[in-house]
Amino acid sequence: MPDQAIAAINSLVLEHKVIFFRDQGHLDDAEQERFALRFGKPSPYPEGTTPIFEIDSRRDIGADIWHIDWSCMDAYPKIAVLRGVVIPQAGGDTVWSNTATAYLDLPLPLQRLADELWAVHIWPGAHYGR
């Protein structure tokens, strides 16, 4: 893709927080990774794996329940590039939310409460230097 197309995609991601590209079945792992690298260097994963990995809810515990991707990282990635290879007939839905917008829509007392809350989220089995 030309640099101006990548810049336009980057602007859309920053504005909307999530964008979708339909009918990308022609992409393989290497092409997906090359595309993602146009937006910056890959983040190291907590478990030390490669930047692309397969999630299959038939094998992975937690792949088919509510979760937040990589919020456990000290410096979480700017973006995540996801590709659905096998899409089930039913279920398997991915839902996105914009927590910045949700925060701004809260009444001021709830914003203040949220500002004073904190949590520690770690990857099970990860070893961090804290």
Side-chain angles (χ1 to χ4, degrees):
M1 293 184 111
D3 289 344
Q4 63 268 28
I6 296 297
I9 292 168
N10 188 61
S11 292
L12 289 169
V13 169
L14 293 175
E15 179 181 351
H16 299 287
K17 309 300 186 219
V18 64
I19 59 174
F20 300 90
F21 298 96
R22 297 188 189 282
D23 303 319
Q24 301 299 306
H26 62 283
L27 294 176
D28 62 17
D29 288 353
E31 291 167 316
Q32 178 181 347
E33 187 171 9
R34 276 195 301 277
F35 174 73
L37 287 171
R38 299 290 302 275
F39 298 92
K41 66 179 186 168
S43 296
Y45 282 25
E47 69 279 14
T49 64
T50 60
I52 293 180
F53 62 97
E54 180 180 338
I55 296 176
D56 184 337
S57 63
R58 293 171 300 183
R59 293 190 323 253
D60 301 325
I61 296 172
D64 59 350
I65 60 171
W66 185 93
H67 65 278
I68 294 176
D69 291 335
W70 309 130
S71 63
C72 58
M73 297 176 74
D74 286 337
Y76 51 85
K78 172 184 173 183
I79 65 169
V81 179
L82 307 176
R83 176 172 48 108
V85 177
V86 177
I87 308 298
Q89 290 289 336
D93 299 323
T94 295
V95 178
W96 301 93
S97 63
N98 182 333
T99 56
T101 298
Y103 172 84
L104 293 173
D105 287 344
L106 290 174
L108 196 53
L110 284 178
Q111 283 183 3
R112 284 195 292 266
L113 174 64
D115 290 342
E116 295 186 15
L117 297 175
W118 63 275
V120 176
H121 180 190
I122 61 169
W123 181 268
H127 303 285
Y128 292 101
R130 290 183 175 188

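Positions are given from 1, in the same order as the sequence printed here.
- A pairwise comparison of heavy atoms in Val81 and Gln32 identifies O-NE2, 2.7 Å as the closest pair.
- Considering only residues two or more places apart in sequence or on other chains, Leu117 meets the side-chain contact (heavy atoms from CB on, under 4.5 Å) condition with Leu113.
- Follow the hydrophobic side-chain contacts under 4.5 Å out from Leu110 and you reach Leu104 in the same cluster.
- Residues Asp3 and Arg38 form a side-chain contact, since some pair of their non-hydrogen atoms from C-beta on lies under 4.5 Å apart.
- Side chain of Glu15 to main chain of Leu12: no donor-acceptor pair is present (N/O by atom type, distance under 3.5 Å, no hydrogens or angles).
- Of all the heavy atoms in Gln111 and Leu106, the pair that sits closest is NE2-O, 3.4 Å.
- Rounding to the nearest 0.5 Å places OG1 of Thr99 at 11.5 Å from CG of Asp105.
- A donor-acceptor pair under 3.5 Å links the side-chain atoms of Gln24 to the main chain of Arg22, judged by distance alone.
- Distance check: Leu82 CG to Phe21 CZ gives 12.0 Å after rounding to the nearest 0.5 Å.
- Met1 and Val13 fall within a single hydrophobic cluster, where Ile, Leu, Val, Met, Phe, Trp and Tyr side chains are chained together by heavy-atom contacts under 4.5 Å.
- Every residue two or more places apart in sequence or in another chain that forms a ring-ring contact (aromatic ring centres under 6.0 Å, His included) with Phe39 is listed here: Phe35.
- Follow the hydrophobic side-chain contacts under 4.5 Å out from Ile79 and you never reach Phe20; the two are in separate clusters.
- Here the side chains of Arg83 and Asp29 are in contact, with some heavy-atom distance below 4.5 Å.
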